[in-house]
Amino acid sequence: MLPNFTEDANLGRIALIASDIDCTLLADDGTMPPHMADRIRALDAAGVTFCAASGRPNYTLADMFPGLDRHMALMSDNGAAIYCRGELIYESLIPVDEYQRMIRYTLDDGRGCPTVCGIDACYIRSCDERYDEYFRTFYKKIVYMDDLTTLDRDVNKYTVFFPGNDSEEVYRDTYRDAWSDRYTVTNAGKMWIDMMNPGVDKGSGLARLCEHLGVDIADACALGDTYNDVQMLEEAGHGYVVANAEEHMHAHAGWLAPSNNDRGVAAVIDAVLAARASSAAVGTAGAN
């Protein structure tokens with residue numbers, strides 16, 4: 001069994017906290033921990049960057065953290081776009097002919113709903129508008145089209161939605177072997193298969209953000225719960241899996257954080273702030 005994150009002896013060294021959103025930062029009812037904006041500003045003031053690391057697009061993440069863009073980082077579309085304090089530091093676009101091939105593959109397979117994640121909006125078939133309420137949870141800007149194969153926009157992620165909760169089975173059955181030699185392909189929970197350019201995932205995104213910030217990745221903390229968090233949990237010097245994650249995720253982390261419903265991310269932030277304050281106090285006392 002993983003040790004509790006409070007047993008991490010180097011909490012005070014953490015300079016970057018990257019947290020997954022769904023089922024990690026957000027509770028099952030979709031709410032954030034209370035006073036999250038205050039925590040993000042407190043981290044910034046203490047020299048620690050908070051990063052929202054998600055499969056959601058940047059425009060949705062920005063809406064979730066209003067007024068905080070200059071105090072944090074946003075890693076959207078599983079690392080395909082990264083903003084740090086309002087500055088775009090990385091972006092990876094999928095060629096038009098390639099994402100059109102992905103669309104045709106999904107249509108030929110006959111399972112799942114193709115959703116094309118553009119920089120400006122998410123593009124979805126008109127016949128799948130019946131899922132609009134659910135889609136709006138993740139995509140604040142949606143364009144419905146009769147024929148997605150005619151789409152020609154800047155796109156950084158291709159996603160297939162499985163309303164029957166069978167994305168893991170379909171991934172193992174077809175998508176993994178058909179595409180993983182050319183693209184990063186992952187499950188994002190039981191309802192999604194995500195496809196990005198090769199070398200794009202939350203782990204490489206974390207490394208890119210660390211390089212931009214001048215932070216050693218050994219001093220980065222990552223929190224997550226599912227497959228598309230694996231690389232990030234493994235890359236970070238402080239990999240924390242939340243208690244609500246499936247058991248197989250424990251193999252990819254070093255410590256266990258409280259569940260999303262128990263506000264585990266907030267508990268980690270509070271512990272890091274307390275550890276850094278304690279270290280600063282000791283340093284000040286030593287100087288005197």
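Proximity of a side-chain donor or acceptor of D8 to a complementary backbone N or O of W255 within less than 3.5 Å is not detected. A distance-only check finds no donor-acceptor pair linking the side chain of T149 to the backbone of Q100 [under 3.5 Å]. Remark: the backbone N or O of A46 is paired with a side-chain donor or acceptor of R276 at under 3.5 angstrom.
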Going through the checks in order, is the ring-ring contact (aromatic ring centres under 6.0 Å, His included) test met by Y105 and Y175? CA-CA 9 Å; Y105 181 87; Y175 281 81; 5.1 Å; yes
Pair H238, N10 - check side-chain hydrogen bond (donor to acceptor under 3.5 Å, both in side chains), show working. CA-CA 9 Å; H238 306 259; N10 293 306; 5.7 Å; no
Stepwise side-chain hydrogen bond (donor to acceptor under 3.5 Å, both in side chains) test for S92 and N156: CA-CA 6 Å; S92 179; N156 62 7; over 6 Å; no
List the steps, then state whether salt bridge (Lys or Arg N to Asp or Glu O under 4.0 Å) holds for D166 with R111. CA-CA 10 Å; D166 56 346; R111 294 175 290 181; over 6 Å; no
Please assess L68 against R41 for the test side-chain contact (heavy atoms from CB on, under 4.5 Å), listing each intermediate value before the final yes or no. CA-CA 8 Å; L68 294 171; R41 290 190 176 93; 3.6 Å; yes
Go through the steps to decide whether S259 and N261 satisfy the test side-chain hydrogen bond (donor to acceptor under 3.5 Å, both in side chains), and finish with yes or no. CA-CA 5 Å; S259 73; N261 289 332; 5.3 Å; no
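Residues V241 and D225 have side chains not in contact (no heavy-atom distance under 4.5 Å, counting atoms from C-beta outward). Within the 4.5 Å cutoff, the side chain of N4 has no heavy atoms near those of the L256 side chain. The shortest distance between side-chain heavy atoms of E91 and D154 does not fall below 4.5 Å. Contact of the N187 side chain with the N228 side chain is not registered, since no non-hydrogen atoms from C-beta on lie closer than 4.5 Å.
The distance from atom OG of S76 to atom CD1 of I21, rounded to the nearest 0.5 Å, is 11.0 Å. The distance from the CE atom of M72 to the CZ atom of F50 is 5.5 Å, given to the nearest 0.5 Å.
In summary, the aromatic rings of Y83 and H212 are positioned with their centroids too far apart to meet the 6.0 Å limit.
The pair D97-R101 does not count as a salt bridge, with every side-chain nitrogen at least 4.0 angstrom from each carboxylate oxygen. For R125 and D146, the salt-bridge test fails: no basic side-chain N is under 4.0 Å from an acidic carboxylate O. We find that E246 and K190 are joined by a salt bridge, their nearest charged nitrogen and carboxylate oxygen being less than 4.0 Å apart.
Ring planes of F138 and Y134: perpendicular class, angle over 60° (limits at 30 and 60°).
Of the candidates K140, K141, R153, D120 forms a salt bridge (charged side-chain N to carboxylate O under 4.0 Å, His left out) with just one, namely R153.
Within the cation-pi definition used here (under 6.0 Å to the ring centroid, within 45° of the axis), R182 qualifies as a partner of W179.
D194 and T159 are linked by a side-chain donor-acceptor pair at a separation below 3.5 angstrom, with hydrogens and angles left out of the test. R263 and T31 share a side-chain donor-acceptor pair at under 3.5 Å. A side-chain donor-acceptor contact under 3.5 Å links R85 and T49. Residues Y158 and E98 have side chains that never bring a donor and an acceptor to within less than 3.5 angstrom of each other. No hydrogens or angles considered: nothing links the side chains of N78 and D201 as a donor-acceptor pair under 3.5 Å.
In the hydrophobic clustering of ILVMFWY residues, with side-chain heavy atoms under 4.5 Å counting as a link, Y227 and Y171 come out apart.
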